[in-house]
Amino acid sequence: GVPVLDTLEVDYLPEITVSNFTAPLMNITLMSFRTFTFQNNVLGSLNLVSRGQGVVNLRGNTLTNQNIQVQGSSDINITSD
């Protein structure tokens, strides 16, 4: 079988994009980043923790449940397209 990606930890990367991903669950922790873009994904549950400073863009995702925590001075942009 193929392992299931359900956890993503980002530390010291300037720009990150995750797109066109389908999964029942995704846990994301962001630290020391400039821009994180999460677009056109289909998830049962999204757990996102942003620590530090950066911009989080959530665009065109289908999420059944979401839990977003911002610690520090991150900006969150959520759009449906």
#### Entry: Steps toward side chain to side chain contact (heavy atoms under 4.5 Å, CB included) verdict (Asn57, Phe36)
CA-CA 6 Å; Asn57 298 303; Phe36 176 77; over 6 Å; no

### Message
Are the side chains of Phe38 and Ile28 in contact, using a 4.5 Å heavy-atom criterion?
### Response
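The answer is yes; the side chains approach within 4.5 Å.
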
### Task
Flag the pair Leu48 / Gln69 as yes when at least one side-chain heavy-atom distance between them is below 4.5 Å, and no otherwise.
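A side-chain contact under 4.5 Å is absent here.
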
### Query
What about Val49 and Leu58, same hydrophobic cluster or not, with Ile/Leu/Val/Met/Phe/Trp/Tyr joined at side-chain heavy-atom distances under 4.5 Å?
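Different clusters: Val49 never reaches Leu58 through Ile, Leu, Val, Met, Phe, Trp or Tyr contacts under 4.5 Å.
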
### Query
Cluster question for you: counting only ILVMFWY and a side-chain heavy-atom cut-off of under 4.5 Å, with indirect links fine, are Val18 and Ile78 together?
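Shared cluster, yes.
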
Looking at [atom1] of [X] and [atom2] of [Y], how far apart are the two atoms once the value is rounded to the nearest 0.5 Å?
{"X": "Asn61", "Y": "Leu43", "atom1": "CG", "atom2": "CG", "value": "7.0 Å"}
{"X": "Leu46", "Y": "Asn27", "atom1": "CG", "atom2": "CG", "value": "8.5 Å"}
{"X": "Gln53", "Y": "Leu30", "atom1": "CD", "atom2": "CG", "value": "13.5 Å"}
{"X": "Leu8", "Y": "Met26", "atom1": "CG", "atom2": "CE", "value": "6.0 Å"}
{"X": "Leu5", "Y": "Phe21", "atom1": "CG", "atom2": "CZ", "value": "4.0 Å"}
{"X": "Thr35", "Y": "Glu15", "atom1": "OG1", "atom2": "CD", "value": "5.0 Å"}

### Message
Pair Thr7, Leu25 - check side chain to side chain contact (heavy atoms under 4.5 Å, CB included), show working.
### Response
CA-CA 8 Å; Thr7 302; Leu25 169 69; over 6 Å; no

### Task
Locate the shortest heavy-atom distance separating Ser50 from Val56; write the atom from each residue and the value.
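Distance-wise, the nearest heavy atoms are OG-CG2, 4.1 Å.
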
### Message
Please give me the minimum heavy-atom distance between Ser19 and Asn41, naming the atom from each residue.
### Response
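Of all heavy-atom pairs spanning Ser19 and Asn41, the closest is C-OD1, 3.3 Å.
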
### Task
Begin from the C-alpha positions of Asn77 and Val55 and carry the test side chain to side chain contact (heavy atoms under 4.5 Å, CB included) through to its verdict.
CA-CA 8 Å; Asn77 301 310; Val55 176; 3.5 Å; yes

### Message
Given Asn47, which partner from the list Asn65, Ile68, Asn67, Asp6 fulfils the side chain to side chain contact (heavy atoms under 4.5 Å, CB included) test?
### Response
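Answer to the side chain to side chain contact (heavy atoms under 4.5 Å, CB included) test with Asn47 among Asn65, Ile68, Asn67, Asp6: Asn67.
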
### Message
Would Arg59 and Thr37 count as a side chain to side chain contact (heavy atoms under 4.5 Å, CB included) here? Give the steps.
### Response
CA-CA 8 Å; Arg59 299 182 183 141; Thr37 302; 3.8 Å; yes

